Amino acid sequence: MIFKLNIWRQQGPEAKGFFEAHEVDASEDSSFLEMLDALNENLILAGKDPVAFDFDCREGICGSCNLVINGTPHGKHKATTTCQQYMRDYVDDKELWIEPWRATAFPVIKDLIVDRSSFDRIIQSGGYIPIRTGSACEANTLPIEKEVADRAFDAATCIGCGACVAVCPNASATLFVAAKVAHLSTLPQGQMDKDRPARLLKAMEDEGFGSCSNYRECERVCPKEIKVTTITKMNRFLYRSG
Amino acid sequence: MSEFELDSHAPKGPLQDRWKQHKFNSRVVSPANRKKYTVIVVGTGLAGASAAASLGEMGYKVKTFCFQDSPRRAHSIAAQGGINAAKNYQNDGDSVWRLFYDTIKGGDFRARESNVFRLAELSTSIIDQAVAQGVPFAREYSGYLANRSFGGAQVSRTFYARGQTGQQLLLGAYQAMSRQIAAGSVTHRSRCEMQDLIMDGDRAIGIVTRDLVTGELESHLADCVVLCTGGYSNAFYLSTNAKGCNASAIWRAHKKGALFANPCFTQIHPTCIPQQGELQSKLTLMSESLRNDGRVWAPKNKADADKRPEDIAEADRDYFLERIYPSFGNLVPRDIASRAVKQICDEGRGVGAEIDGRKLGVYLDFADAIRNQGLEAVREKYGNLFEMYQRITAEDPYQTPMRIYPAVHYTMGGLWVDYNLMTSIDGLFAGGEANFSDHGANRLGASALMQGLADGYFILPTTVSDYLARRKPIKTEQYQSQANAAIEEAQSRINRLMNAPDASVTADDFHRQLGQILWHACGMARERDTLLSAIDKIRALRDEFWHKVKITGEAEQLNQTLERAGRVADFFELAELMCLDALDREESCGCHAREEHLTEDGEARRNDMDYSYVAAWQYSGDISKPALFREYLHFDFVRPSIRNYQ
């Protein structure tokens, strides 16, 4: 199948970007990124610079891949990362517009690759339970209600891809922050650190992310279906800590 | 190096006391002096991140590097099924001794007793550590931790977090490491790939890296270097590994003198989604835990292979694992299951899409599980795996059986290390999948996470401290000439890659060709003549690679094509060593099935008289003529038996 592509090209963070048109022949059973692989092999053979994009596990768990496809982060298939989009879902699309995440806190490095190290710095500001190696008590001395553990798990499945930021009109990372707070602060082991939500939110603002004004777009595009109720939960922790 | 002596430094005495005694005998560095020592950790998956976090909180100056854009994306994240620990929470007779025995037996008696026992012993502390960090393991309604069973074991000792255990454990280690970064004890660099080791004589004193954004080469000097850079399954091109996984760090270390152990021990995982097309970029694994409830079958008659599974009558289905291995059934270890699937497909009873004229797939059927336990119970256990399958194949496994076929998944081989996890290079350590230490010729399910974290949280902090305590901190200014020489070497290699005389073929194209050769000669079945001809083909293709590899763009900026070409160049050399090792080992054991050494039933025929050793290969200056050192294995506590899962 022939797909018409308009791909964002940008030499570096300061360079001016533009859309470049391409056509590529790809089977409908190939994944979205395999379609781009095929394009890149053609570009290399033609002596051109291939399109730079992030990817790694290609099974939807590492959080590396991050393309805005026809205006939607991670593309049209719901609850799915870019690498798990298949061309069979795009056979009716005449043209595909492929762009990077766009946010002040995610500067473009090259083409479709952005710098998401701001997420790492948010975690460094308090997204952990401070326990020294070797000092833990026997695991079953601390029973945790199954329902509580399940809720913590649901929030913990965040893969840190940044789609929530890419789709948010405020470029806010509140869902990312809330997922970490809801994961750790729900569990009894994590409840000692009362300042976690405040510290994470401050780090988020310092990095240049906007704040949440309840558009709820993040929930719509999250490939792991993290719910905005995690934000409610974080806010409750936040006010309790004050 | 020719008079090199291979000493495992494994302690003597009662097995259960060895690690305790060894820890006591190890020296420690006083807290005030620790900040004077720098430790480099390359790779920040489970082993690397946990080692960095632990060494950092002890007070050492730790520098970490990863090629991904964040340590949270290391491939450990993709481990689905679980992590073993001898907690015996299920009261089903488990113990450290039983986990030790299962692991040694699962590895077909090709691993060190001392190492494996230590692994089993540490397994319980890992669970404690992870729970304290907030890893949300599955729990029972009582609030206590839940377990499930896994291949190769008759007890239920696997801890899990739905199908995302690796993700949750990695995030635990990543967060612990992040805490140290904030504290200033760990300095981390993402998008930064190791190019070579810096040596002072026979000692490792640092690394050269390439900043993947700017292309800049830099040297980093340290008192010791720890490689936790994962395995080399991607030598096969198609594997379940992430696309970026590569062997470059361990391979460059090998070429600087580190012995490479058992390179042909590569695990084929039985339950992966079959290949669908020629340009497919990777294979996707379906957790082994699916075999707890799924039943593996193929049509009894070739004529039924084209039918839809629903149309094949119960009487015409061959539940071949249950038939051949009645006591373990669908839960036989990975190597056994993989070979059985291959045999069925070789007989022409495979199902699914045809690749190169053959149908490569069998069914994994959940109809009985859904009938007996209910749809919800099955969804609770495997929901995310079923979704993943449906996304990739556009088939609904709740309605129709999954199709599976084996794929390369994990490499038991790796850098040779002693009991301290130090390689044959002084000051160079290897942890996690990058070393060869604990799994012998076959790894049991849910043991990789256990080993990575045992190495990182508990073993390396002890043994690295012992190493440092015996030395004064290095003065980096004394080693500038070594550092500069290593940078120059890395630069000239990049220049050579960028300027192939007849640049006309992509690195991926070469990689696919290499993968084909390796899969057919050094995959699920190996045989002398095929291996010999594969070695010739690899040599010829390698020459062609250096002559024709085409890379566009600049080396002094982000260039993913150059990154890939550098990795493929190393796979080309490693692939030859894998074949040479497979050729040398004239026996079948674990994953290594030599056609010449199988019983009539197709079972592995081990040769303990001649091959009860670790094959450790030394680079001689000529890739095609490595020197073989043998570390003979001694079994004082278990008796190597024929692995019988019937």
Side-chain angles (χ1 to χ4, degrees), chain A residues 27 29-30 33-34 37-38 41 43-45 47-50 52 54-64 80 84 86 88 109-110 113 116-117 119-120 123-125 127-134 136-140 142-146 149 152-153 156-157 160 183-184 187 189-190, chain B residues 53-54 57 68-70 72-73 75 77-78 89 125 127-129 131-134 136-137 139-145 161-162 164 167-168 171 175-176 178-179 181-182 190 213 242-244 276-277 279-282 284 388 391-392 394 457-458 461 506 508-509 550 552-553 557-558 560-561:
Chain A
S27 128
D29 276 333
S30 72
L33 298 186
E34 284 163 3
D37 289 343
E41 290 216 42
L43 289 174
I44 294 168
L45 290 175
K48 293 179 182 148
D49 200 14
D54 263 329
F55 59 87
D56 202 21
C57 78
R58 298 212 176 182
E59 48 189 80
I61 192 74
C62 75
S64 296
T80 303
Q84 297 277 281
Y86 279 80
R88 65 176 87 94
I109 293 175
K110 189 183 175 188
I113 296 185
R116 286 173 287 188
S117 52
F119 268 16
D120 289 329
I123 297 297
Q124 287 156 22
S125 73
Y128 47 75
I129 291 173
I131 165 87
R132 288 183 79 90
T133 301
C137 61
E138 212 299 320
N140 256 354
L142 183 71
I144 300 172
E145 278 173 81
K146 181 176 186 310
F153 177 87
T157 57
H183 163 207
L184 297 176
L187 294 168
Q189 314 76 309
Chain B
S54 305
E57 68 190 20
Q68 296 92 348
D69 80 323
S70 162
R72 68 178 295 149
R73 309 205 196 285
H75 188 56
I77 205 157
Y89 286 163
S125 310
I127 301 304
D128 300 341
Q129 177 72 17
V131 166
Q133 285 173 342
F137 283 124
R139 288 179 182 266
E140 296 169 353
Y141 283 101
S142 60
Y144 293 101
L145 290 158
R162 235 168 278 174
Q164 286 152 258
Q167 180 198 27
Q168 294 309 316
L171 291 180
Q175 287 163 196
S178 296
R179 176 171 164 243
I181 294 174
S190 287
V213 175
K243 290 293 285 174
Q276 284 185 309
L279 283 180
Q280 190 158 335
S281 61
K282 76 156 273 166
T284 303
M388 185 152 96
R391 210 164 287 150
I392 292 170
Y457 282 131
F458 300 109
T506 64
D508 272 347
D509 199 333
K550 181 162 180 144
T552 52
Q557 57 158 223
L558 188 139
Q560 294 174 306
T561 318

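Not measured: the values here are computed from a predicted model. The chains referred to below are lettered A, B, ... by the order of the sequence lines, with proteins before strands, and numbering in each begins at 1.
Taking B/Ser54, B/Ala53, B/Ala182, B/Ser125 one by one and counting their heavy-atom pairs under 4.5 Å with chain A, the maximum is reached by B/Ser54. Contacts with chain B were tallied for A/Ser117, A/Gly60, A/Gly47, A/Ala152; A/Gly47 has the most, counting heavy-atom pairs under 4.5 Å. Among B/Arg72, B/Arg179, B/Gln280, the residue with the largest count of heavy-atom pairs under 4.5 Å with chain A is B/Arg179. Per-residue counts of heavy-atom pairs under 4.5 Å with chain B were compared for A/Leu187, A/Leu184, A/Asn140, A/Leu142; the largest is that of A/Asn140. Comparing A/Ser30, A/Gly190, A/Pro50 by heavy-atom pairs within less than 4.5 Å of chain B, the highest count is held by A/Pro50. Of all the listed residues (A/Pro143, A/Ala149, A/Gly127), the one sharing the greatest number of non-hydrogen pairs under 4.5 Å with chain B is A/Pro143. Highest contact tally toward chain B, considering only A/Thr80, A/Asp49, A/Asp29, A/Ile61, is held by A/Ile61 [criterion: heavy-atom pairs under 4.5 Å]. Interface remark: of the candidates A/Thr133, A/Ile129, A/Leu33, A/Thr133 forms the most heavy-atom pairs closer than 4.5 Å to chain B.
A donor-acceptor contact shorter than 3.5 Å links the side chain of B/Asp128 to the backbone of A/Ala139. Using modelled atom types, no side-chain atom of B/Arg162 and backbone atom of A/Phe153 make a donor-acceptor pair closer than 3.5 Å. Although no hydrogens or angles enter the test, the distance criterion places a donor-acceptor pair under 3.5 Å between the side chain of B/Lys282 and the main chain of A/Cys57. Side-chain atoms of B/His75 never come within 3.5 Å of backbone atoms of A/Asp56 as a donor-acceptor pair (strictly under, hydrogens ignored). A distance-only check finds no donor-acceptor pair linking the side chain of A/Gln84 to the backbone of B/Arg391 [under 3.5 Å].
Proximity to chain A involves both the backbone and the side chain of B/Leu558, based on heavy atoms less than 4.5 angstrom apart. Only the side chain of B/Gln560 comes within contact range of chain A, with at least one heavy atom under 4.5 Å from a heavy atom of that chain. For B/Ser70, the parts sitting under 4.5 Å from any heavy atom of chain A are the backbone and the side chain alike. Of the two parts of B/Gln276, only the side chain, counted from C-beta on, holds a non-hydrogen atom closer than 4.5 Å to a non-hydrogen atom of chain A. Heavy atoms of A/Glu59 lying under 4.5 Å from chain B belong to its backbone as well as its side chain. Contact of B/Gln167 with chain A is made through the side chain alone, with heavy-atom distances under 4.5 Å. Contact of B/Leu171 with chain A is made through the side chain alone, with heavy-atom distances under 4.5 Å. Contact annotation for A/Gln124: both backbone and side-chain heavy atoms come within less than 4.5 Å of a heavy atom of chain B. Using a 4.5 Å cut-off between heavy atoms, B/Gln168 touches chain A through its side chain atoms alone.
For the atom pair CD1 (B/Ile77) and OG (A/Ser64), the distance works out to 8.5 Å, reported to the nearest 0.5 Å. Rounded to the nearest 0.5 Å, atoms CD (A/Glu41) and OG1 (B/Thr506) are 3.5 Å apart.
Side-chain N/O atoms of B/Gln164 and A/Thr157 include no donor and acceptor closer than 3.5 Å.
Heavy atoms only, all atoms of each residue included: A/Ile44 and B/Thr552 are closest at O-CG2, 3.6 Å. Heavy-atom minimum distance, A/Arg88 versus B/Ile392: NH2-O, 2.8 Å. Looking at every heavy atom in both residues, A/Asp37 comes nearest to B/Ser281 through OD2-CB, 3.8 Å. The two atoms that bring B/Val131 and A/Gln189 nearest to each other are O-NE2, 2.6 Å, heavy atoms only. The two residues A/Asp54 and B/Asp69 come nearest to each other via the heavy atoms OD2-OD2, 4.4 Å. The shortest non-hydrogen separation linking A/Arg132 to B/Glu57 is NH2-O, 3.0 Å.
A salt bridge does not link A/Glu145 with B/Arg139: none of the charged nitrogens is closer than 4.0 Å to a carboxylate oxygen.
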Determine whether B/Lys243 and A/Phe55 satisfy the following criterion, side-chain contact (heavy atoms from CB on, under 4.5 Å), listing intermediate values before the conclusion. CA-CA 8 Å; B/Lys243 290 293 285 174; A/Phe55 59 87; 3.5 Å; yes
